[in-house]
Amino acid sequence: MAEFSFFPSTERKTAMYERIYRSLYRIRRVEERIAEVYPTDTIKSPVHLSIGQEAVSVGVCEALRPQDVVFGTYRSHALFLAKGGDLKAMIAELYGKVTGVARGKGGSMHMIDLKAGVMGTSAVVGTTVPNAVGYAYAVKYRRENRLVVSFLGDGGVDEGVFAESLNFAALKKLPIIFICENNGYAIHTHQRLRHPALNICDRAAVYGIPTERIENNETLRIHERVKSAVDAIENGGQGPYFFECMTYRWKEHVGPNEDYQLGYRSREEAEPWMRNDQVGVLGALVEESARKSIEQAVDAEIAEAFALAESDPFPAASELMADVYK
Amino acid sequence: MERIIQYTEALREAADQEMERDASVLVFGLDVDDPKAIQGTTRGLLERYGAERVFGTPLSEDAMTGAAIGMALAGLRPVHVHIRMDFLMLAMNQLVNVAAKSRYMFGGAVHVPMVVRSMIGKSWGQGAQHSQGLYSFFMHVPGLKVVAPTTPYDAKGCLIAAIRDDNPVMFVEHRILHFQKGPVPEAPYSVPPGKARVTAKGDDITLVGISYMQVECQRAHHYLAGEEIGAEVIDPIWLSPLDIDTIVDSVRRTGRLLVVDNGWSTCGASAEIIAQVMEQLQGEREVRVKRMGFAPVTCPTTPNLEDAYYPNARTIAAAAYWMVRASGASWMPEERKDLQSIEFKGPF
Ligand SMILES: Cc1ncc(C[n+]2csc(CCOP(=O)(O)OP(=O)(O)O)c2C)c(N)n1
Ligand SMILES: [Mg+2]
């Protein structure tokens with residue numbers, strides 16, 4: 001009997017590992033492809049790559065339901081894809097094509113896919129945090145069975161609006177989960193040079209928000225801990241929750257290259273994170289033939305998305321004046 | 001019999017009727033639910049619609065503006081209230097970078113139906129940081145609408161229009177206009193964006209008065225009538241979108257345009273209106289133009305300096321006289337008590 005009930009759970013685990021691996025691999029390959037294409041200047045949009053940080057978006061989004069809504073930053077390729085955003089429309093947006101998520105008017109920093117629950121992302125640090133809070137207010141007001149996740153960087157914590165937003169979210173007990181992706185840096189400035197104490201969770205805790213710091217960029221751990229918060233809210237509990245997810249950006253702040261030569265950080269600092277590469281870690285949990293077929297399918301999908309984006313049309317000149325007002 | 005009510009009651013009634021009609025309308029801001037209820041403009045709403053729809057907020061203009069945008073993205077129609085326009089400076093990022101931009105920058109995927117009510121203060125020592133008329137900042141930005149109603153009638157109709165509008169609307173009130181009384185129909189009605197109103201007829205000069213300065217321009221019209229100068233007075237009501245055609249049509253006739261703003265002239269609403277008029281009439285007709293607005297200094301508190309800081313009916317009339325009577329003669333009317341129609345009691 002015990003064995004019998006264990007069996008489906010193993011199957012579920014296998015399916016989950018495959019899903020998570022697919023998501024991690026897909027995001028990594030999409031961004032690697034962006035980095036390859038970038039020097040050709042066909043993508044005329046500043047790209048803030050998530051390479052190295054995919055675990056956070058994938059772990060969190062695996063815990064979410066389709067009706068849940070995410071708000072992110074300019075570094076949101078991973079979030080967009082992990083939440084189910086349309087890959088073709090994303091790549092078309094990078095190319096400035098009318099088939100893009102924002103009809104070519106937003107670019108990499110303004111990804112959106114309402115069907116997938118990806119609300120528009122912002123290039124101004126900290127700005128989507130209160131937007132997510134307001135959205136969560138609407139969700140609560142309407143008694144909807146869904147929740148909102150607000151992604152921000154460790155730099156977003158520096159902004160005054162962070163404190164104001166958490167205060168209001170906690171005051172109104174909103175169905176929202178804050179995910180601080182702490183990659184240690186705001187552009188080239190380490191958290192130590194910006195914060196008197198490395199205590200991001202403490203800052204959230206003063207509002208009475210349950211907080212947790214998740215070390216080591218572990219997808220499965222992030223998934224498990226965020227899932228427990230999602231479940232708690234789903235089962236009639238109250239938000240908000242706050243997670244600080246420690247992670248690391250492998251590439252330069254913006255652009256397709258590495259930047260260890262700049263001197264603000266060392267490759268030695270990056271190496272432990274690279275050894276713990278979550279694409280490899282999760283890949284090892286997936287059976288070889290399944291992994292191969294996932295990779296083949298993803299590679300084909302990406303190739304198609306880039307080919308389409310290349311051939312899709314630019315917006316007509318009349319689009320310049322469209323959609324200023326509704 | 002026309003019903004006469006005060007500007008503040010017109011605003012309250014507009015909010016009440018819209019909240020009754022549409023459960024997605026929310027009203028919040030500092031002190032909207034306190035005993036003074038924002039000069040009465042939110043009185044009774046909490047009792048009628050409950051604390052989820054009517055609530056005072058923490059002192060967080062930035063985040064609460066961001067939250068209003070988030071609510072609007074989720075399909076609600078928030079009305080965010082600020083007792084001074086000066087405080088909007090803490091919310092500029094969300095207003096300019098998010099509210100105004102979202103529709104365009106996401107290719108039309110979303111819209112942001114929200115109203116930001118804010119008040120311009122004047123007199124009784126309001127001073128540097130409680131008196132600014134900064135709506136030209138918002139006129140500058142595509143994606144925002146701006147309205148500054150003068151009369152109780154327009155206050156109600158514009159607030160209803162603003163709430164029903166699918167775009168962010170900056171709703172500008174003037175603290176002294178709050179004391180205005182006038183005819184206001186009881187049934188809901190809308191004074192939609194983009195239509196100015198000719199409030200007095202005349203053939204010699206066009207006076208455009210914005211917000212409270214509309215009242216001073218109407219008084220100036222009477223002073224000028226005593227000198228047999230016909231001043232046409234126009235209230236733009238909506239500053240963005242701006243009904244420039246009504247103003248151009250008038251100036252085409254009068255050949256003279258004096259724009260009296262309730263803010264500074266440099267890069268202000270008056271500069272914009274005159275530029276647009278000249279773009280249309282140049283080459284077609286000679287036009288004399290002039291701007292009046294706050295003196296280009298910080299607003300002082302002491303009454304005698306404050307008086308010199310603001311245009312008023314007599315200085316407006318004097319400027320208009322000078323523009324019409326090309327002789328260069330100067331003239332300043334004697335103060336007429338019968339033109340002080342607005343009841344105002346400090347302190348506030
Ligand atoms: C309000 C604001 N200030 C400054 C910038 C310039 N800027 C862009 S990204 C960035 C660093 C943000 O760091 P973090 O929030 O940790 O996100 P990360 O880039 O590490 O993902 C800064 C300062 C900005 N975009 N917005
Ligand atoms: Mg960072």
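Chain identifiers are assigned alphabetically (A, B, ...) following the order of the sequence lines, protein sequences preceding nucleic acid strands; residue numbering begins at 1 within each chain.
Atom NZ of A:Lys88 is surrounded by 12 or fewer heavy atoms from other residues, nucleotides or ligands within 6.0 Å. Atom CD of B:Gln129 has 12 or fewer neighbouring heavy atoms from other residues, nucleotides or ligands inside a 6.0 Å radius. Annotation: B:Lys36, atom NZ; neighbour count of heavy atoms from other residues, nucleotides and ligands within 6.0 Å does not exceed 12. Counting heavy-atom neighbours within 6.0 Å of B:His140 NE2, excluding the residue itself, gives a total of 12 or less.
Taking the side-chain contact (heavy atoms from CB on, under 4.5 Å) definition, one finds that B:Met105 meets it with A:His110, B:Lys101, sequence neighbours left out.
Taking chain A as the reference chain and counting heavy-atom pairs below 4.5 Å, the highest number among B:Gly108, B:Pro241, B:Gly66 is found for B:Gly66. Annotation: maximal heavy-atom pairing with chain B below 4.5 Å, among A:Val133, A:Asp323, A:Ile112, occurs at A:Asp323. For the set B:Asp165, B:Leu90, B:Asn93, the entry with the most heavy-atom pairs within less than 4.5 Å of chain A is B:Asn93. Ranked by heavy-atom pairs shorter than 4.5 Å toward chain B, the options A:Gly107, A:Pro130, A:Gly104 are led by A:Pro130. Contact tally against chain B (heavy-atom pairs below 4.5 Å) for A:Thr121, A:Val69, A:Val101: the top residue is A:Thr121.
Within the 4.5 angstrom heavy-atom criterion, only side-chain atoms of A:Met119, from C-beta onward, approach chain B. Contacts of A:Phe71 with chain B are made by side-chain atoms alone, with heavy-atom separations under 4.5 Å and no backbone atom involved. Interface residue A:Val124: only side-chain heavy atoms are found under 4.5 Å from chain B. For chain A, the nearby parts of B:Ala23 are the backbone and the side chain; heavy atoms of each come within less than 4.5 Å. A:Ala169 does not touch chain B: none of its heavy atoms, backbone or side chain, sits under 4.5 Å away. Proximity to chain A (any heavy atom under 4.5 Å) is shown, for B:Ala99, by neither the backbone nor the side chain. Contact annotation for A:Glu319: only backbone heavy atoms (N, CA, C, O) come within less than 4.5 Å of a heavy atom of chain B.
Distance OG1/A:Thr127 to CD1/B:Ile69: 9.0 Å, rounded to 0.5 Å. Atom CE of B:Met64 sits about 9.5 Å away from atom CD of A:Glu164, to the nearest 0.5 Å. In this structure, A:Met111 CE and B:Phe106 CZ are separated by 10.5 Å, a value rounded to the nearest 0.5 Å. For the atom pair OH of A:Tyr135 and CG of B:Leu76, the computed distance is 9.5 Å after rounding to the nearest 0.5 Å. Note that OH of A:Tyr137 and CD of B:Glu52 are 5.5 Å apart. Values are rounded to the nearest 0.5 Å. How far CG of A:Asn167 is from OG1 of B:Thr57: 10.0 Å, rounded to the nearest 0.5 Å.
Inter-residue side-chain proximity for B:Met71 and A:Tyr141 is flagged as unmet; no heavy-atom pair is nearer than 4.5 Å. At a threshold of 4.5 Å between non-hydrogen side-chain atoms, the residues B:Val112 and A:Lys326 do not count as touching.
Closest approach of A:Leu171 and B:Pro58 over heavy atoms only: CD2-CG, 4.1 Å. Taking each heavy atom of A:Leu114 and B:Ala109 in turn, the nearest pair found is CD1-O, 3.3 Å.
A distance-only check finds no donor-acceptor pair linking the side chain of A:Tyr325 to the backbone of B:Arg103 [under 3.5 Å]. Using a distance-only test at 3.5 Å, with no hydrogens or angles considered, a donor-acceptor pair links the side chain of B:Tyr104 to the main chain of A:Leu320.
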